2 protein chains.
Amino acid sequence: MKVLIVDDDKLVTASLKTILESDEDIEVVGTGNSGKEAVDLYMKLRPDILLMDIRMDEMTGIEAAETILKREGKAKILFLTTFSDDEYIVEAFRIGAKGYILKQNYESIVPTVKAVHMGQRVFGDEIITKIPALLSNSANKQGMEEYCLTEKEIEIIKHVANGLSNKEIAKALYLSEGTVRNYISVILEKLGLRDRTQLAIFYYKNM
Amino acid sequence: MKVLIVDDDKLVTASLKTILESDEDIEVVGTGNSGKEAVDLYMKLRPDILLMDIRMDEMTGIEAAETILKREGKAKILFLTTFSDDEYIVEAFRIGAKGYILKQNYESIVPTVKAVHMGQRVFGDEIITKIPALLSNSANKQGMEEYCLTEKEIEIIKHVANGLSNKEIAKALYLSEGTVRNYISVILEKLGLRDRTQLAIFYYKNM
DNA sequence: ATCAATATATGACAAATGTCACTATATTGA
DNA sequence: TCAATATAGTGACATTTGTCATATATTGAT
């Protein structure tokens, strides 16, 4: 498994390299120190995983990731940060990063990289619990309107993700079927999905 | 990480407890000795992981797991057994267990529990290779006919689980839309599901 | 060569789904 | 208090989905 590490602190890249290479399955194919380098190196080296700091000068990790994902939608990008920051989580989440872990938690880095390589999406436990709340509340930054799901909407999503029909959801939540249809219509629009099946998939992948 | 252990052999629960608690991340919050206890204790203690024997009197592990998953769909249940038994694997797999490991292989228990806790699904190496075969071929035991999925059917399931419409699947597989509808109809019947959304959910839970 | 099974397809149909425009009420925050 | 917002509803509509009966071509086994 080929990993590219990008962090503007060279001490961090160096120690991450050591940690990761202590695992025989992992090969660090390069390190960089800026968002720009991240993009260039990613394109040149085509690693399986890009492990990148979220805060860097010039170009933030988020911007770099967006650029990369625009060119290579399947890129597996994992963010590193020294603290848990709601804005960043939502952003990382929104642009399609595979995960987000705290640098502090060094022991979890190797298993997380491996899990991502296996196709998992790994948001740290302390973070994954926040995602529904993040989606429903706050998130007033630009371009985030479409992610503000209400309590009720989340409740409905859960029912869809349990395989219930509109009629069944209506019964369960004491709403009319038409109302449920409307809710789902709004949810799909907010999340940019087409139908309830994609919604269920979204739920299992991201929530 | 809170773990609940259930096995009708008290020696087993005791030794598992010792093994698991040798890891500082793991706390064994309870032990039980029957399927019934598994359900009661699970509901009371809400552990992160339920590690349960698959063969027990009164209520088998499978039944207990089904009961629990009906109430708490996100429960992480990991089965233990002393031998590798195809029937059980398929069952554990079908009802949405997170994994299945052999008691023999004591060293693998801690890492497996951790991986499951991190959201992985872990079926032992000797077992995971069998799953596609189990789903597509063989499985001649009673009540198993409905699990014989053909290659094509599996291919279609994957497309459904990627959120494609019938039209899109038809295009991708060079079939007519009607044919795709027919395939899906058959798949749903075989798996006892009602619609494509439930199929996508089934896929993410079991495949 | 024939028979049975398999894969693919049609058409008809009912039900479910998603969209849209519009209405009504209650709450709330300025 | 007024306006905005959240919540819930209706009806109409086009589309998609799932079911079923049926048809045809291919193929593997006898």
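Predicted model, so just to flag it, every value in this text is computed and none were measured. For the numbers below, each heavy atom of this structure counts, side chains included, while hydrogens, waters and symmetry mates do not.
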Please determine whether a side-chain nitrogen or oxygen atom of A/Asn166 lies at a distance below 4.0 Å from atom OP1 or OP2 of C/dT17. yes
Does a side-chain N or O of B/Arg196 approach OP1 or OP2 of D/dG18 to a distance below 4.0 Å, or not? yes
Does A/Lys190 come within less than 4.0 Å of A/Glu153, counting only side-chain N to carboxylate O? yes
Here the distance between atom P of D/dC20 and atom CD1 of B/Ile184, to the nearest Å, is 15 Å
Using whole Å, what does the distance between atom C1' of nucleotide C/dT19 and atom CD of A/Glu177 come to? 14 Å
What integer distance in Å separates A/Ile187:CD1 from C/dT19:C1'? 14 Å
Rounded to whole angstroms, how far apart are OH on A/Tyr183 and C1' on C/dG18? 16 Å
Taking only N and O in the side chain of A/Ser176, is any of them less than 4.0 Å away from OP1 or OP2 of D/dT10? yes
The residue, B/Asp195 or B/Gly178, whose nearest nucleotide of DNA chain C is more 5′ is B/Gly178
With both distances kept under 3.5 Å, what pairs with C/dA14, Watson-Crick or G-U wobble? D/dT17
I'd like to know if A/Asn182 reaches the base of D/dT10 with its side chain such that a donor and an acceptor end up less than 3.5 angstrom apart. yes
Whole angstrom value for the distance that separates P of C/dA16 from CD of A/Glu168: 10 Å
A/Leu164 CG to C/dA16 C1': how many Å, rounded? 14 Å
Name the closest nucleotide to the A/Arg181 side chain, picking from C/dA9, D/dG9, C/dT17. C/dT17
Side chain of B/Lys167 only, please: which of D/dA8, D/dT16, C/dG18 is the nearest? D/dT16
Looking at B/Glu66 and B/Arg71, is there a salt bridge between them, counting it only when a charged N and a carboxylate O are closer than 4.0 Å? no
Taking the basic N atoms (NZ, or NE/NH1/NH2) and the acidic carboxylate oxygens, is any pair closer than 4.0 Å for B/Glu72 and B/Arg46? yes
Any side-chain heavy atom of A/Leu175 within less than 4.5 Å of one from A/Lys152? yes
Euclidean distance, atom CD1 of residue A/Ile157 to atom P of C/dG18 [Å, nearest integer]: 13 Å
State whether B/Ser185 places a side-chain N or O below 4.0 Å from either non-bridging phosphate oxygen (OP1 or OP2) of D/dT19. yes
Which one of A/Asp195, A/Asn162, A/Thr197 satisfies the side-chain hydrogen bond (donor to acceptor under 3.5 Å, both in side chains) criterion with B/Thr197? A/Thr197
For DNA chain C, whose closest nucleotide is more 5', that of B/Tyr174 or that of A/Arg194? B/Tyr174
Touch class at under 4.0 angstrom, heavy-atom based, for A/Ser165 against every strand present: sugar-phosphate
Whole-Å gap separating C1' (C/dA16) and CG (B/Leu188): 14 Å
Give none if C/dG29 has no partner; otherwise give the nucleotide forming a Watson-Crick or G-U wobble pair with it, both distances under 3.5 Å. D/dC2
